[in-house]
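Quick notes on the structure that follows.
Quick note: numbers below take in every heavy atom, side chains included, and nothing from hydrogens, waters or symmetry partners. Here, residue 1 is the first one in the sequence, and each next residue gets the next number.
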Amino acid sequence: MPDLRRQVLESGKTISRKAASREGSRRTSRANSTQNSHQSSRNPSRYASDEEDLDSLSDDTAMSIGSLDDLTDNPDVDNNHDWVEELGDVIQDILDRKRSSNLSREEAYAAFCRLAKSHYVEEQIRGRVNDLVAAFGRSIKFETSVRETTFALRAVELLAISAYDNTIYENVEPLLTRTIRDSTSTTVKAAAIHCLGVSTLHAGAGQDGILDQMTFFLDIAASDGQSIGAGDDAQSVIAALQEWGVLATQIDDLETESEEAVEIFMEQLNSGDSALQIAAGENIALLYEKSYTPQEDDEDDEDEDEESEEESFLSGGRRDGPKLIKRYNAYHNTHELEQQLQSLATIHSKRISKRDKKSLHSNFASILTTVENPRRGPMYNTAIDQDTNRHYGSKLTVKIGRQGVMNIDRWWKWICLNSLRRILQGGFAAHYYQGNRAVLESLPVIMRMDTPSDRGTAKRTAKYRNSRRWAMHEQSDED
């Protein structure tokens, strides 16, 4: 029997020449930064290089099931021990708009994004959130340059996931919606879609707001971007599909929306962009997964719907976990959908790059497995024992920092993890262990340790994290 666990090992990366040069650039004084800083004892030389966060904005950080990176500390993440002081300087420069220029704002926003993704900054920005939202909002509204606007949108995302402030959504939603519809830059449109999705989920939209934005994003996908003036712009459609999926994880019952949504996502499977196809496929898998829910205590077993022990394990449940029961049909013609997914899982077109082909094969093999049996979550190497006709596969696990492994055994976890990875990038582990409430509420705290000493470390970490969460909740109550 194949190994049912595949642990993602640490990459063991060394710092590249490019990364080293980035680190050096942080320490290099820039005349322009000095001119636009306040005349005081502050050190103006610690801002990130423009290239550093510009790369992060355009980098595709979505993870493929076939090539999963671990989430250990990233050598490109800021490790400056004086980051609190630096952040204070950066915030002061951001808020002092009268003394700023387009270039200095780009620098300050880039530095803010670098620090906020590398560290959990909730304590440092407390009491200044509204002022920061207003400053970033002005850059988004006036759209002086694509670079400044995109950095400002990223900064709002990081505020939303760090501040735990339910007023952000109501303050930025009208502006973000207008930017998505009216911006002349498709790069800005895609960034604004991601920003709106993150703000909706983490900054106070509520259930009704989530459903409203899901409808908005679905319209973008259904029209291939035409509804926002981004006809056939793959990045805008991908952003809308990804943010729809993340928001959908928060809705318990999607029976009313499922039929139409699957139909729209099936149309996107015909796209020539593999990332767009995968985003649509993951949403389909999520909808099929959500059509099954745990059996209630007062429900009788149904023999024809009995779940085998192997399927229970592979679906992400423990052997003694709850049985999953079908509640409704996710789509009226599952057979047609399975044929389309099967063709993508085995596609061999010469027009597709080897890398994209590998990604399509691994992702759609897993998506097809879930559509065939929604009890099964994301898996590697799904196979069938020809003698017993039993399904086997490796459960998906992700290494978190140096202290444990998280089981990603359901599509909702996979989609949430991808979203957090896109926002926080290499800083995910830092936010996870420093007690970022948005992160901890998005994914379950399930760790598996390798050694007794590691387990002791994890217990101390968990105790610190939980005490931090409790203290922050008490602070919120007092506020």
Side-chain angles (χ1 to χ4, degrees), residues 1-6 8 60 62-69 221 224 234 237-238 241-242 245 258 261-292 308 310-311 313-316 329-397 408-411 414-415 418:
M1 179 176 176
D3 183 11
L4 289 176
R5 293 187 182 273
R6 175 173 176 168
V8 184
D60 181 9
M63 295 180 288
S64 164
I65 285 178
S67 57
L68 180 66
D69 293 329
D224 288 327
V237 179
I238 291 170
L241 289 170
Q242 290 175 338
S258 189
V262 171
E263 191 83 51
I264 291 170
F265 300 146
M266 285 178 66
E267 288 292 325
Q268 295 301 330
L269 295 180
N270 298 319
S271 168
D273 188 293
S274 62
L276 196 156
Q277 292 171 300
I278 290 169
E282 289 179 346
N283 287 347
I284 290 172
L286 176 68
L287 286 167
Y288 270 79
E289 177 178 278
K290 278 186 166 289
S291 68
Y292 280 61
S308 71
E310 291 82 4
E311 289 173 341
F313 183 75
L314 292 175
S315 68
N329 291 322
Y331 183 62
H332 76 280
N333 194 344
T334 296
H335 177 68
E336 177 189 357
L337 173 59
E338 288 174 347
Q339 289 181 318
Q340 194 172 2
L341 296 174
Q342 180 65 42
S343 68
L344 288 168
T346 57
I347 194 168
H348 292 292
S349 173
K350 293 182 179 179
R351 292 176 296 178
I352 303 174
S353 70
K354 185 179 294 186
R355 178 182 178 182
D356 286 348
K357 196 178 299 182
K358 181 179 179 181
S359 183
L360 287 170
H361 288 177
S362 60
N363 281 278
F364 279 99
S366 187
I367 292 165
L368 176 60
T369 298
T370 297
V371 170
E372 289 174 337
N373 186 340
R375 296 187 180 98
R376 304 188 191 121
M379 293 183 291
Y380 288 108
N381 304 326
T382 305
I384 300 176
D385 186 318
Q386 298 299 327
D387 296 327
T388 64
N389 200 35
R390 289 177 175 176
H391 293 256
Y392 297 104
S394 301
K395 291 175 65 177
L396 186 59
T397 59
I408 305 298
D409 47 26
R410 306 300 291 166
W411 281 101
W414 173 255
I415 289 171
N418 258 330

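Of all non-hydrogen atoms in Val237 and Asp224, the two that sit nearest each other are CG2-C, 3.7 Å. Listed here is the closest heavy atom pair of Ala365 and Thr369: O-OG1, 2.8 Å. The shortest non-hydrogen separation linking Gly281 to Leu269 is N-CD2, 3.9 Å. Between Thr370 and Ala285 the shortest heavy-atom distance is CG2-O, 3.7 Å. Closest approach of Gln268 to Ala280, counting heavy atoms only: CB-CB, 3.8 Å. Here the shortest heavy-atom pairing between Pro378 and Ser366 reads CA-OG, 3.4 Å.
A side-chain donor from one of Trp414 and Glu282 sits under 3.5 Å from a side-chain acceptor of the other. A donor-acceptor contact closer than 3.5 angstrom is absent between the side chains of Gln277 and Asn270. Under 3.5 Å, the side chains of Tyr288 and Ser258 contain no donor-acceptor pair of N or O atoms.
In this structure, Gln339 places its CD atom where more than 12 heavy-atom neighbours from other residues, nucleotides or ligands lie under 6.0 Å away.
Between Asn283 atom CG and Ile415 atom CD1 the span is 5.5 Å, to the nearest 0.5 Å. Separating the CZ atom in Phe265 from the CG atom in Leu276 is a distance of 10.5 Å, to the nearest 0.5 Å. We find the CD-CD distance between Gln340 and Glu338 to be 11.5 Å, quoted to the nearest 0.5 Å. The OG1 atom of Thr334 sits 10.0 Å away from the CD atom of Glu336 when rounded to the nearest 0.5 Å.
Looking at Ile278 and Ser359, their side chains come closer than 4.5 Å, going by heavy atoms from C-beta outward. Side-chain atoms of Asn418 and Gln242, non-hydrogen and from C-beta on, never get closer than 4.5 Å to each other. Between Arg410 and Arg376, every side-chain heavy-atom pair lies at or beyond the 4.5 Å cut-off. At a threshold of 4.5 Å between non-hydrogen side-chain atoms, the residues Trp411 and Ile367 count as touching. Residues Arg351 and Lys357 fail the side-chain proximity criterion, which asks for heavy atoms closer than 4.5 Å.
The backbone N or O of Ala275 sits less than 3.5 Å from a side-chain atom of Asp273, completing a donor-acceptor pair.
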Could you give me the CA-CA distance, side-chain angles and deciding distance for Leu337 and Leu368, then say whether side-chain contact (heavy atoms from CB on, under 4.5 Å) is met? CA-CA 9 Å; Leu337 173 59; Leu368 176 60; over 6 Å; no

Could you go step by step and tell me if Phe364 and Gln342 meet the side-chain contact (heavy atoms from CB on, under 4.5 Å) rule? CA-CA 7 Å; Phe364 279 99; Gln342 180 65 42; over 6 Å; no

